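Everything on this sheet refers to the single structure shown next.
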Amino acid sequence: MIQLRYSNLFAPTLKEAPSDAEIKSHEYLVRGAFIRKVTAGVYNYLPLGKRVLDKIWRIVKEEMDNIGAQEMLMPIIQPAELWKITGRWDDYGPTMMKLHDRHEREFTLGPTHEEVVTFLMKSELSSYKQLPVTVYQIANKYRDELRPRYGLLRAREFIMKDAYSFHSSWKSLDEVYQDMRKAYEKIMERTYLKYLVIEAASGAIGGNQSHEFVSLAPIGESNVLYCEKCGYQASDERTLYKGKYEKIGMDEEEKELERVETPNVKTVEQVANFLGVDKKRIVKSLLYVGRKGMVMALIRGDLELNEEKLKEVLNDQSLRMATPEEVLGKFEVPIGFIGPVGVKDVYIIADHSVKYIKNAVVGGMKEDTHYVNVNLNRDFKVDEWAEMRMVKEGDPCPVCGAPLKATKGIELGHIFKLGTKYSEAMKAYYMDEKGELKPFIMGCYGWGVSRTLSAIVEQYHDDKGIIWPISVAPYTFVVTIVNMNKKEQVEAGEKIYKALLSSGEEVLLDDRMTTPGIKFNDADLIGFPIRITVGKALKEGKVEVKMRHSNERIKVDYEEDAKLIETLKNMKESYKPEPKV
RNA sequence: CAGGGGGUAGUUCAGGUGGAAGAACGCCGGAAUCGGGAUCCGGAGGUCGCGGGUUCAAAUCCCGCCCCCCUGACCA
């Protein structure tokens, strides 16, 4: 039996919140001695944090093993060549931590492993008889986040479980996809997280499908739209607009095109105020840079453009907004005054909302001017129409039309049917029954393991600290000896501690030579589910047992081990903290 | 990357018009205590982010760099 007493535990708790903690999970994980920052977005896991991490790790591992996924380990350092084959050296580019060796060969610290695993399978699998195969790993990942924050939530180094499956049929992929879905639901249940499974696909295109597993939290960075009427749940980025298009001035006569002075009036808001028109009458012109050059995207002034949709429509993940300098270089017009009128050599793509605006307002293509009374086809042309708006709360549900509701969450899991994107790019083929070479059909499945710690703390805490669900608690019980100078308290504490240990429970004995207040506050902060207080009640032959979540306290006889253990196990059974959401 | 704030003890922070480095908490030793970070006495602990400059003298002024934090994410 391994014994570790609190007096020997490396758990430096903090009374004050660290100055950079903005959210409770970050504050409590640091104060409770679970983690310590090394540098922005990079953390040490202290012994308590490692214990919690191990529990989550084990849950994830067990659920993967249960569905027949095989654990392996892939390298953190990956050569640039692999990423150049799939084009992601540029697509993923800025988010990757890049480095080079002494010979100036380029590498990345892997943000994910599709390239590596596909390359592996390309060399090692050659026949349909060897398929399907699902492999996974739980390992460090690296992303050079624009701005790391929120402790483990948006970190630059983090621990992720990533699984990859290889198939010779879509049906087989679908089976593993469904298995993964169930496994993820089990992980959510075993960590007691309140969650939603949301559609992350923009439509049923060629069997491509994707779901996110989102742990609910107001501070979450995923925006979820859901429909109370039909049960539709999806990320806002992927929700299609299927509502009506408002007609703006469509009953008016087409007026004569006119260029007006709008000194220093740039944003839609400013233009609307300055000219005294509705924002809906303005056509917003956004310039993007992609693989095939520049693209101008148009959308009604009051709407937001959904970049994900644009990238998908144009099939170009490298798409990004042009910089002000690039805009100036292209049109010799500063941002704020560009528009589609007179544009010739730039591809123009427009949201359907633009179709229904007559006598619109657009940038004047000359500093400090705008065009008014602009009309489609007469004054500008559109090369392609698409649905590209960011759907918001209140917009109609794409399935049933009822108004959508919005909520926020933390993305923990993401499962994706990749299809043959990577296998084709990397020429990873197997031979089928007919002797033909076919690209592997693939799926990939991620789970943010380190991030799960934060997600749990976000849902399970109060103003004193963390309230761990037992399945992930660093220890289930803490035995608190109130007065270390009283021999009988020390003896009773030891006795209970050893009895719990030998009955297979995870327990920590707080034998520190310090005041009770410190012990109680640390216990609450760290969040042990059940505290056994060995103190003044000992005179009556009793110890006090306190539940962290409910504050319920009972006194129990401690003399008889068997009975005490039974009582404690019963209390453990009844320990059910409520998620805060 | 842009804009703003900051870097002084383990932590949270004062100090800043140039003139002997501070508080609280924590830590160490001791006393008295022992059911909610309690009290008293004594003590240790700093390259004031790094480098350069100005000066008799720099934490303080100037220049360069690094790091951290906040806001934003080019929505024209």
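Just so it is clear, the structure is predicted and the values come from calculations on it, not from any experiment. Proteins get letters first, then strands, A, B, ... in listed order; numbering begins at 1 in each.
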In whole Å, what is the span from the [atom1] atom of [X] to the [atom2] atom of [N]?
{"X": "A:Ile338", "N": "B:C75", "atom1": "CD1", "atom2": "C1'", "answer": "11 Å"}
{"X": "A:Phe10", "N": "B:C27", "atom1": "CZ", "atom2": "P", "answer": "14 Å"}
{"X": "A:Leu287", "N": "B:C74", "atom1": "CG", "atom2": "P", "answer": "13 Å"}
{"X": "A:Lys15", "N": "B:C25", "atom1": "NZ", "atom2": "P", "answer": "8 Å"}
{"X": "A:Arg154", "N": "B:C70", "atom1": "CZ", "atom2": "C1'", "answer": "16 Å"}
{"X": "A:Ile518", "N": "B:C27", "atom1": "CD1", "atom2": "C1'", "answer": "12 Å"}
{"X": "A:Arg389", "N": "B:C75", "atom1": "CZ", "atom2": "C1'", "answer": "15 Å"}
{"X": "A:Met296", "N": "B:C74", "atom1": "CE", "atom2": "C1'", "answer": "15 Å"}

Test: A:Glu221 and A:Lys408 ion pair at under 4.0 Å: no
Taking only the side-chain heavy atoms of [X] (C-beta and beyond), determine which of [options] contains the nearest atom.
{"X": "A:Thr13", "options": "B:G37, B:C68, B:G35", "result": "B:G37"}
{"X": "A:Asp522", "options": "B:C69, B:G37, B:C67", "result": "B:G37"}
{"X": "A:Phe520", "options": "B:C70, B:G36, B:C67", "result": "B:G36"}
{"X": "A:Asn521", "options": "B:A38, B:G72, B:G36", "result": "B:G36"}
{"X": "A:Ala40", "options": "B:C69, B:G36, B:C74", "result": "B:C69"}
{"X": "A:Leu525", "options": "B:C70, B:G37, B:G35", "result": "B:G37"}
{"X": "A:Arg31", "options": "B:C68, B:G37, B:G35", "result": "B:G37"}

Roughly how many Å apart are [M] and [N], using the [atom1] atom of each and rounding to a whole number?
{"N": "B:C68", "M": "B:A23", "atom1": "C1'", "result": "23 Å"}
{"N": "B:A21", "M": "B:G30", "atom1": "P", "result": "32 Å"}
{"N": "B:G26", "M": "B:C13", "atom1": "C1'", "result": "14 Å"}
{"N": "B:G29", "M": "B:G45", "atom1": "C1'", "result": "15 Å"}
{"N": "B:G52", "M": "B:A58", "atom1": "C1'", "result": "13 Å"}
{"N": "B:G16", "M": "B:A73", "atom1": "P", "result": "37 Å"}
{"N": "B:U17", "M": "B:G6", "atom1": "P", "result": "14 Å"}
{"N": "B:C67", "M": "B:U8", "atom1": "C1'", "result": "15 Å"}

Tell me whether [X] contacts the main-chain N or O of [Y] through its side chain, where contact means a donor paired with an acceptor under 3.5 Å.
{"X": "A:Asp524", "Y": "A:Gly465", "value": "no"}
{"X": "A:Asn8", "Y": "A:Leu4", "value": "no"}
{"X": "A:Arg512", "Y": "A:Arg5", "value": "no"}
{"X": "A:Arg143", "Y": "A:Thr95", "value": "no"}
{"X": "A:Arg31", "Y": "A:Ile526", "value": "no"}
{"X": "A:Lys279", "Y": "A:Val268", "value": "no"}

Mind checking [X] for me? I need base, sugar-phosphate or nothing, with any heavy atom below 4.0 Å counting as a touch.
{"X": "A:Ala537", "value": "base"}
{"X": "A:Val271", "value": "nothing"}
{"X": "A:Leu146", "value": "base"}
{"X": "A:Arg531", "value": "base"}
{"X": "A:Ile299", "value": "nothing"}
{"X": "A:Thr39", "value": "sugar-phosphate"}
{"X": "A:Arg553", "value": "base"}
{"X": "A:Gly363", "value": "nothing"}
{"X": "A:Glu22", "value": "sugar-phosphate"}
{"X": "A:Arg147", "value": "base"}
{"X": "A:Lys37", "value": "sugar-phosphate"}

No-H, no-angle donor-acceptor pair, A:Asp524 side chain to B:G36 base, under 3.5 Å: yes
Closest non-hydrogen atom pair, A:Arg378 against A:Asn373: NH2-O, 2.9 Å
Atom of A:Leu152, atom of A:Tyr45 and distance for their closest heavy-atom approach: CD2-OH, 3.7 Å
Duplex segments of RNA chain B, taken as runs of at least three Watson-Crick or G-U pairs that stay under 3.5 Å: B:1-7 with B:66-72, B:10-13 with B:22-25, B:27-31 with B:39-43, B:49-53 with B:61-65
Closest-nucleotide 5' rank along RNA chain B - winner of A:Tyr150 and A:Gly535: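 First, find each residue's nearest nucleotide; the 5'-ward one identifies A:Gly535.
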Given RNA chain B, 5'-ward residue of the pair A:Gly301 and A:Val482, judged by closest heavy atom: A:Val482
Test log, rule salt bridge (Lys or Arg N to Asp or Glu O under 4.0 Å), inputs A:Lys330 and A:Asp345: CA-CA 10 Å; A:Lys330 179 74 187 172; A:Asp345 51 352; 3.5 Å; yes
Parallel, tilted or perpendicular, as decided by the 30° and 60° cut-offs, for the rings of A:His352 and A:Tyr245: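 Taking A:His352 first and then A:Tyr245, their aromatic rings stand perpendicular (interplane angle over 60°).
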Short side-chain N/O contact from A:Lys464 to OP1 or OP2 of B:G36, under 4.0 Å: no
Listing time: all N or O pairs from protein to nucleotides 12-14 of chain B that are below 3.5 Å?
unit_1 : atom_1 : unit_2  : atom_2 : d
B:U12  : OP1    : A:Ser19 : N      : 3.4

Lys/Arg cation over aromatic A:Tyr43: A:Arg36, 6.0 Å, 45° cone: no
Intermediate values then yes/no, salt bridge (Lys or Arg N to Asp or Glu O under 4.0 Å), A:Asp20 and A:Arg149: CA-CA 9 Å; A:Asp20 59 348; A:Arg149 63 180 125 181; over 6 Å; no
